[in-house]
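Scope of the values below: all heavy atoms of this structure, side chains included, with no hydrogens, waters or symmetry mates. Just so you know, ligand 1 is whichever comes first in the structure, and atom 1 is the first atom listed for that ligand. All values derive from a computational prediction rather than experimental measurement.
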Amino acid sequence: MSGTVLVIGSGGREHALGWKLSQSPRVSKVYHAPGNGGTSENVAIKHNDVDGLVRFAKKIGKDCLAVVGPEESLSLGVVDAFSKEGLRIFGPIKKAAMLEASKVFAKEFMKSANIPTAAFATFSDADKAKDYIKRQDRPLVVKADGLAAGKGVIVCDSAAQALDAVGKIMVGKEFGQAGASVVVEERLSGEEASFIALCDGRTIMPLASSQDHKRIFDGDRGPNTGGMGAYSPAPVVDSDLHDKIVKRVMQPVLRKMQERGTPFVGFLYAGIMVDEKTGEPSVLEFNARMGDPECQPIMMRMKSDLYEYMQAAIDGRLDSMPPIEWHDQTAVCVVMASRGYPGSYKKGEVIEGLDSDFGPGTMVFHAGTARDAQGRVVTAGGRVLGVTALGADARHAIDSAYSAVRKIRWGENGHYYRTDIARRAIR
Ligand code: AMP
Ligand code: GLY
């Protein structure tokens, strides 16, 4: 099979997916809808304009493979809409993407499939949630049910903080309708890892392990963000843990989804906590898509042809494909953000240094960037760039990524990045 690709979305993840797919000898052209300042062949259709995306895909023809980046497109049913028109698209249908779109659904699903996860209760009534919290004597986490760009999870140190979180989410409606229900769960401790696999409904094809850094400040302090950096592989995922995650988490998800008549096709992402005492994995969350920024280091390490694997997944023949091959090197992605993110920040600053010589093995993936009237690349979002480098080991990859980061700047002290990305990977 060969043809064009339409990458839906505009972040660093989508830039990396398009970059990787464009290297396939079977891909003639990659379109980005809407893309960003670093992607070419952009078409001005937003990721949530499902009808517009369908119309465009129809126009470019049946040999087009659409690839979905953002969760919002999935939860709006973009895969269902494409499939109805006989168009090829890689991603889960809306009912399967509920694993990410509703945390209440995901927790109930895990319970029914016996997948290890933190003990929990769900509420659609703020007073009942508060009564429950007052009766707990363990540290808790409060999560808005719906999509909140990675910001709807509040990890609490005290009951007072948990009560306050319920107030903000359910009464103050900080995340709108996404906070109509909440999950209150036991707070786990340990090391986190992201486990992502390509799925065709029946078979899982694991990708390389990775780990991201969700908090804004060094040392994992401050509020959660969409992700401030990532690296692959994650040393915490050894082969024993890998097998446990496949058997206890990924396979049960596929079996249960099949039983429900909503087979999961696409990237399945399990956010895992490895218990600090027992070393056993539990699921913190599911995403129904690639991680961002995990995607950037994973794509840099992937040797196999991603396009062929996506086509095989859509046709339900992943079981006939060999395991994906990876570069042995470590890849590290440092996110350069607008100062102020995840709060408010300036936009429209001209980014300098993008034409520097970064050397081989380094890629500057764009996220919140755009082109101004003169064609200059300007900032247009909170997470602006994902500077990603390969190295013989974590130390070398870190050095290369940060030496590239230091060549880039904007505004007056307008950029911000964490200085400790992937330090945990140095053992
Ligand atoms: P989620 O979007 O559910 O992955 O939550 C975002 C982040 O919150 C996770 O990556 C963890 O760092 C943290 N988190 C979520 N659930 C828990 C939990 N039960 N215990 C401790 N930390 C958690
Ligand atoms: N990096 C976490 C996520 O993509 O949800």
Given [options], identify the one with the heavy atom nearest to [atom].
| atom | options | answer |
| --- | --- | --- |
| atom 21 (C) of ligand 1 | Leu188, Thr225, Leu284, Val155 | Leu188 |
| atom 16 (N) of ligand 1 | Lys143, Met273, Glu285 | Lys143 |
| atom 4 (O) of ligand 2 | Asn287, Asp292, Asn224 | Asp292 |
| atom 8 (O) of ligand 1 | Val153, Val141, Val283 | Val153 |
| atom 5 (O) of ligand 2 | Met290, Arg289, Gln211, Arg13 | Arg289 |

Q: For Cys295 and ligand 2, answer yes if some heavy atom of the residue is under 4.0 Å from a ligand atom, otherwise no.
A: no
**Q.** Proximity flag Gly291 to ligand 2, non-hydrogen atoms under 4.0 Å
**A.** yes
Q) Going by the atom numbers of ligand 1, which of them fall below 4.0 Å from some non-hydrogen atom of Glu185? A) 16 (N), 17 (C), 18 (C), 19 (N)
Q.
Need the ligand 1 atom indices (1-based, order shown) with element for anything under 4.0 Å from a heavy-atom of Glu192.
A. 9 (C), 10 (O), 11 (C), 12 (O)
Q) Does ligand 1 have any atom sitting under 4.0 Å from a heavy atom of Lys103? A) yes
**Q.** Shortest protein heavy-atom distance from atom 1 (N) of ligand 2, along with the residue and atom involved
**A.** Asp212 OD2, 2.6 Å
Q: Look at atom NZ of Lys303 and say whether more than 12 heavy atoms of other residues, nucleotides or ligands are closer to it than 6.0 Å.
A: yes
Q. Salt-bridged, Lys214 to Asp212, with N to O below 4.0 Å?
A. yes
Q) Do the side chain of Arg383 and the main chain of Met336 share a donor and acceptor less than 3.5 angstrom apart? A) no
Q.
Keeping Arg423 on the side-chain end and Arg395 on the backbone end, is there a donor-acceptor pair under 3.5 Å?
A. no
Q | Arg187 N/O under 3.5 Å from ligand 1 N/O | A | no
Answer yes if the ring centres of [X] and [Y] are under 6.0 angstrom apart, and no otherwise.
| X | Y | value |
| --- | --- | --- |
| Phe109 | Phe286 | no |
| Tyr132 | Phe123 | yes |
| Tyr416 | Tyr345 | no |

